[in-house]
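Each remark here refers to the structure printed beneath this line.
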Amino acid sequence: MLKRIFLALFIVAVIACKANPRVEAVVDSTHNLQPDAKQSLIASELVKIIETANFKKVKIDDSISSVIFDRYIKQLDEGHNYLLAPDVAEFEKYRNTMDDDLRKGDLSTLFRIFNVFQKRYEERLSYSLSQVGNKFDFTKNETYSYNREKLPWFKSQKEADEEWTKRVKYDLLNLRLSGSEEVKNVENLTKRYQNLLSQAKKLNNQDAFQIMMDAFTESIDPHTNYFNPENAQRFNEDMARTFEGIGASLQLENEVVKIAGVIPGGPAFKSKKLNVNDKIIAVAQGADGEFVDVRGWRLDNTVQKIKGPRGTTVRLKIIPAGQELSAQPKIVTLVREKVVLEDQSAKKKIKTVTSGGKTYKIGVIEVPAFYMDFKAYQSGDPNYKSTTRDVRLIIDSLKRQQVDGIVMDLRANGGGSLMEAIELTGLFIKTGPVVQVRYPNRTEVDDDDDPSISWTGPLGVMVDRFSASASEIFAAAIQDYNRGVIMGTQTYGKGTVQSAIDLSRVITTLDEFLNKMKGSDKEEASATQLPKFGQINLTMAKFYRINGSSTQHKGVIPDIQFPMIFPANKYGESAEPSALPFDAIKPSKYTPVANLSAVRTELVKQHEQRMKASSEYKFLLEDIDLFKKREAESTITLNEAQLKKERDEQEARNLVRDNQRRALRGLPPLKKGEVKPKEENDFIQDESLKTMADFIKLNQAGQFTVVY
C-alpha cells in the first residue's frame, strides 16, 4: 500500500511539474510544442544518472547550465540564420537556471527557446516563398554571406529579410547557372521551400526533446548521448548491422515516401515486386488489416509502420516508378525477415603491387565499423553478426588466394563494440593484453585469451582522422605489439568507453503506475501501455593502450604519416571543449612479437623518397591548401557574370587536374563537358600498398622475425 501511495505521489509530482511550468513554453506561433510527463521524468533521471555514474562525476550546477545554454543555442542556429538578437537577449535570463530546471524535470524553458526558434525558422521560409517570384538584378555587384557563424545575430526582422532576400537570389542564381528556364527555376525553388516548411511543421516534441538532451549530455562530455526510442533503435540496428523488416531503404520526396534502394537478400529483393523510385502511398498490417494512407507523413512514422518482427506480414500500396500518383496502385504483400546489411559490413579486395621487379598480392579488408548483433549473441544464436566473424572468414578466403600481405583499412571507422576490437586484435596475435580500461575506482586489463591466429604474415593498418575509439584500440595494440605497420594520419583521439543503458530498466515507476491504474484511467493507461524511454550511452571509463598511454586527444600516431586534410583544431576529440584530458597509467605486462624499429626507419625512408618524386603527393598538398582556403571563405558573389567566370575557371582547373591524374595512370584525357567516369583513385591507399610491398620484401629478406 505504501509503495502504491509513493508511486501515485511521484507521478502526481511529475504531472504537476508539467501542469505548472516555470516558464510559458507557448509563443505566438502556429506550431508550438510542449513536453510530456515522460520527457520530464527522463530529464530529471538523466541528471541523477550522470551525476552518479558518469566517469567525470560532474555536478550539474550553474557553470554546467551556462555550457548547456550555449550549446543548445548553437545546435539550434549555429549559422545565425534564424534567431534575432532580441530573441537571444531574452534567452539570457535562462543561462544559469537550466541545471535546476533539468533536475526538476521542468522543460518549459527549453521548449520555449525551441518554439521561438521554430517560429523564426518558419518565418524565414515563408518570407523566402514570398520572394521567389521577384525579378532580381543579377548584374549588381553584391555578395551573400552563406556562413554567418561568426557574424552577429540579426538585429531586426528587417535586417533578416534583407539577408534572406539575398539567400533566395543565390538559390535562383544557382539554378540559372545550371541552364534551367526561369519559370522552371521559380517552380523548383518554390517546391523546395514548401517542402522544407512542410517538414518543419511535422516536427514533434520528441524531435525537440532529442536536441535538448543532446545539448545537455554533450555538455558533460561529447560521447555521453541520450537516444529517444526511435534513435535508440537506429543506433542498435547500426551496431548489429541487421534489422527486421522488408529490406528496403526509403526516402521522402514531395510528401511521398519512395524506395531509395533494395537490399540484396531481403524480402523486397526476393519478391522482385519493388523497384527503386516506387512510391508507397499506404501500409496495412497482416493479411487483412486496413490500409492506412501515409502520404504527407513523416518518414520515420512511415518506416515504423513498414518495419516489424520477422515472420509478420505487411502489405504496401505502390505507385510504380514513373507513374503519376493518380495511377492505379498495386498491392505488394511481404513477409518481414531479418535483414543483414552486407554493404555496411567488412569487405575485401585484392590489389597487386609491383616493386623491384616483383609483383605482390595484397588483400585489403575494409572495416567500416566494429559492429556486433548483441541481441543475437545474448540469445545464443551461433551465427550472430560481428566484425570479427566476418573478418575471420575474409582472411580464410584471402589465404586460399595466396596473398602476400593484408591491410586492414580502418579509415572513417568511428568505432563501435569494445569486445569486437579485442577479438579482432586476437586474430593477429596469440594471446595477451589488448587494452586497459580504467573506471573511477579500478583498472581492468582486457586480454585476448584465444591462442589461435588467423593471419601470421605481414600486416598493415590504415587509419585517418576519423578512425576513432575501437579503431584506435585495434591500431594501438597492433603498433604496441610490433605486429604490423600503421599508415595514415593521426586518429580522432576518442579514449573513452560508453555503456548503453536501456532507460526502461532504470525508470520503471511510470510503467508500474500506469499498470496499477483502475476504472476510468484504465483506458488511458492501455493507450500509453509500456512507454519506452530510449537509452543513454554513458561514459563509464577511459581506455588506455597496453603501453600505458591514453589515446584520448592524441589518438594513434601512424608509423608512416600522410598530411592531415582535416585540421585537428576543427575535427577530432581535441576540437571538443567538453572532452576529457590526455593522461597515462602504468603499462600492462606484454611481450612485443617483433622488433620493428629498424624496419620502420627503412619504411619511412623509402616512403619519403617516393613522395619527393610523386606528382600525386604534390596534388594532395595543393588540395589541402585549397580545402583550407575554402574553409576560411564565408561569402559569395551574386553577380551572375562574375560567379559564372569563377566557376568556369574552377571547372577548367579541375579538368586540368583530372587529366594530370589520368595521365599518371595511363588513361586518356577527358574533354570539356565530358562526364568523368566513376573510377577508383585512392592515392593514400596506393602509397600504403607500396609501403606494404616494402614491408613484405623486408620480411622475405629476413630483416625481422615475428615470434608468437
Side-chain angles (χ1 to χ4, degrees), residues 29-33 75-79 81-83 114-134 136 144 146 160-161 163-208 210-211 230-231 234 248-261 276-283 292-306 316-327 329:
S29 176
T30 59
H31 185 216
N32 279 288
L33 299 176
Q75 285 183 200
L76 288 174
D77 191 8
E78 184 172 7
N81 290 311
Y82 304 100
L83 292 170
F114 187 88
N115 286 335
V116 171
F117 166 76
Q118 191 68 5
K119 176 185 177 181
R120 298 302 183 205
Y121 182 85
E122 292 179 14
E123 285 175 350
R124 291 299 93 222
L125 289 173
S126 296
Y127 176 79
S128 298
L129 278 166
S130 73
Q131 300 299 302
V132 174
N134 289 353
F136 290 100
Y144 165 60
Y146 59 84
D161 287 348
E163 194 63 22
W164 274 82
T165 299
K166 292 181 179 180
R167 165 70 179 268
V168 175
K169 183 176 180 179
Y170 174 66
D171 286 343
L172 284 169
L173 180 54
N174 272 322
L175 292 170
R176 282 171 68 93
L177 291 177
S178 70
S180 304
E181 295 180 2
E182 186 172 347
V183 173
K184 193 69 175 176
N185 292 342
V186 170
E187 179 184 334
N188 287 338
L189 193 55
T190 299
K191 285 182 180 178
R192 185 193 304 175
Y193 291 155
Q194 287 174 337
N195 188 51
L196 288 170
L197 190 58
S198 173
Q199 293 309 308
K201 290 181 177 179
K202 288 187 176 72
L203 289 175
N204 58 37
N205 71 348
Q206 278 283 62
D207 301 314
Q210 180 68 69
I211 295 171
E230 289 175 355
N231 290 334
R234 292 192 194 103
S249 56
L250 309 176
Q251 68 182 57
L252 192 66
E253 185 178 282
N254 296 327
E255 302 290 291
V256 179
V257 171
K258 71 175 189 178
I259 305 292
V276 172
N277 292 327
D278 282 353
K279 303 178 187 71
I280 302 172
I281 62 170
V283 182
V292 177
D293 194 310
V294 295
R295 283 174 285 193
W297 280 30
R298 287 165 48 111
L299 178 62
D300 55 354
N301 290 341
T302 303
V303 168
Q304 289 304 312
K305 279 281 185 185
I306 295 172
L316 309 174
K317 272 189 183 178
I318 299 294
I319 301 295
Q323 295 187 21
E324 298 296 326
L325 284 173
S326 57

### Task
Might you work through the salt bridge (charged side-chain N to carboxylate O under 4.0 Å, His left out) test for Asp77 and Arg124, ending with a clear yes or no?
CA-CA 13 Å; Asp77 191 8; Arg124 291 299 93 222; over 6 Å; no
### Query
Which atoms form the tightest heavy-atom contact between Ile280 and Val256, and what is the distance?
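Heavy atoms of Ile280 and Val256 come nearest at O-CG1, 4.1 Å.
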### Query
What is the minimum heavy-atom distance between Ile211 and Leu76, and which atoms define it?
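What the structure gives for the nearest pair is CG2-CD2, 4.1 Å.
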#### Entry: Pair Lys305 + Asp300, salt bridge at N-O below 4.0 Å
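Looking at Asp300 together with Lys305, the answer is no, because their closest N to O distance does not fall below 4.0 Å.
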### Query
Does some side-chain heavy atom of Trp164 sit less than 4.5 Å from a side-chain heavy atom of Asn81?
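Yes, side chains in contact.
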### Message
I'd like to check Glu230 versus Val303 (side-chain heavy atoms, cut-off strictly below 4.5 Å). Are they in contact?
### Response
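They are not in side-chain contact.
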#### Entry: With Ser249 via side-chain hydrogen bond (donor to acceptor under 3.5 Å, both in side chains) - residues at least two apart
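side-chain hydrogen bond (donor to acceptor under 3.5 Å, both in side chains) list for Ser249, sorted by chain: empty.
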#### Entry: Set of side-chain hydrogen bond (donor to acceptor under 3.5 Å, both in side chains) partners for Asp278, sequence neighbours left out
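So Asp278 forms no side-chain hydrogen bond (donor to acceptor under 3.5 Å, both in side chains) with any residue.
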### Task
From the options Ile306, Val292, Asp293, select the one residue that forms a side-chain contact (heavy atoms from CB on, under 4.5 Å) with Val283.
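Exactly one candidate clears the test, Ile306.
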### Task
Could you please spell out the steps behind the side chain to side chain contact (heavy atoms under 4.5 Å, CB included) verdict for Arg192 and Leu175?
CA-CA 12 Å; Arg192 185 193 304 175; Leu175 292 170; 4.2 Å; yes
### Query
Does the side chain to side chain contact (heavy atoms under 4.5 Å, CB included) test come out yes or no for Asn231 and Gln210, once each step is laid out?
CA-CA 9 Å; Asn231 290 334; Gln210 180 68 69; 2.9 Å; yes
### Query
Between Glu187 and Lys191, is a salt bridge (charged side-chain N to carboxylate O under 4.0 Å, His left out) present by the stated rule, with each step listed?
CA-CA 6 Å; Glu187 179 184 334; Lys191 285 182 180 178; 3.5 Å; yes
